[in-house]
Amino acid sequence: MTTHEAGVEAKITELRALLDRQHAALDELDAISRRQRALIEAADGPGLLSLLKSRAGLLEKAEAGAATLARLRQELELAPPGREALAGLHDRFAAIEGIAGRIAGRDREDEALLCRQRDRVAGELAELAMGRRAMGAYTASGGAQSPRYQDRRG
């Protein structure tokens with residue numbers, strides 16, 4: 001094996017290890033993403049915040065690996081590996097891409113669910129405020145001794 005081939009093989013080995021780490025991190029994110037939905041549906045705010053904190057740590061790991069991946073990609077473009085090595089790498093990239101796609105899809109669905117819940121709560125708060133205003137119309141306010149409006153029909 002020539003020095004060039006050994007260098008390419010070392011880069012391929014480093015890339016495989018990186019892809020394995022990325023895959024493991026995305027598997028954890030996938031599991032967290034599934035738990036996230038259950039917490040949103042249960043309206044468990046504290047649990048969701050805790051889960052999102054752990055998710056942030058995994059995202060940081062994935063982003064750190066992205067810089068190394070970009071460097072390795074550039075180096076391998078200058079000295080391309082053989083077809084066998086590329087085929088194995090392609091499969092690893094495809095698996096990672098699939099997991100990332102599932103996570104992104106679930107995140108979009110969860111965001112829509114959170115928006116619907118927010119709108120529902122806002123509607124309930126608006127109804128509550130309207131009810132309080134209506135009750136205020138039938139009670140004494142400030143220095144007034146009698147209600148402003150009276151329901152005389154009973």
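Just so it is clear, the model here is predicted, and its values are computed rather than measured. Keep in mind that the numbers below use all heavy atoms, side chains included, and drop hydrogens, waters and symmetry copies.
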Look at atom CD of Glu41 and say whether more than 12 heavy atoms of other residues, nucleotides or ligands are closer to it than 6.0 Å. yes

Should [X] and [Y] count as side-chain neighbours, where that means a heavy-atom distance under 4.5 Å?
X     : Y     : answer
Leu15 : Leu69 : yes
Arg71 : Thr68 : yes
Arg92 : His23 : no

In short, Ile32 meets Ser54 closest at the heavy-atom pair CD1-OG, 3.8 Å

Nearest 0.5 Å please: distance from the [atom1] atom of [X] over to the [atom2] atom of [Y].
X      : Y      : atom1 : atom2 : value
Leu29  : Arg34  : CG    : CZ    : 11.0 Å
Leu49  : Leu39  : CG    : CG    : 10.0 Å
Ile40  : Leu114 : CD1   : CG    : 4.0 Å
Leu72  : Leu18  : CG    : CG    : 6.5 Å
Leu113 : Arg118 : CG    : CZ    : 12.0 Å
Gln22  : Asp27  : CD    : CG    : 11.5 Å

Show me, pair by pair, the donor-acceptor contacts under 3.5 angstrom made by side chains of residues 99-112, not counting sequence neighbours?
residue : atom : partner : partner atom : Å
Arg106  : NH1  : Asp30   : O            : 3.4
Arg106  : NH1  : Asp30   : OD1          : 2.7
Arg106  : NH1  : Ser33   : OG           : 3.1
Arg106  : NH2  : Asp30   : OD1          : 3.1
Asp107  : OD1  : Arg55   : NH1          : 3.0
Asp107  : OD1  : Arg55   : NH2          : 3.2
Asp107  : OD2  : Arg55   : NH2          : 2.3
Glu109  : OE1  : Arg37   : NH2          : 2.8
Asp110  : OD1  : Arg37   : NE           : 2.3
Asp110  : OD1  : Arg37   : NH2          : 2.8
Asp110  : OD2  : Gln36   : NE2          : 2.8

Start with the C-alpha gap between Arg16 and Leu19, add the side-chain angles, then the distance that decides, and say whether side chain to side chain contact (heavy atoms under 4.5 Å, CB included) holds. CA-CA 5 Å; Arg16 284 184 185 133; Leu19 291 175; 5.8 Å; no

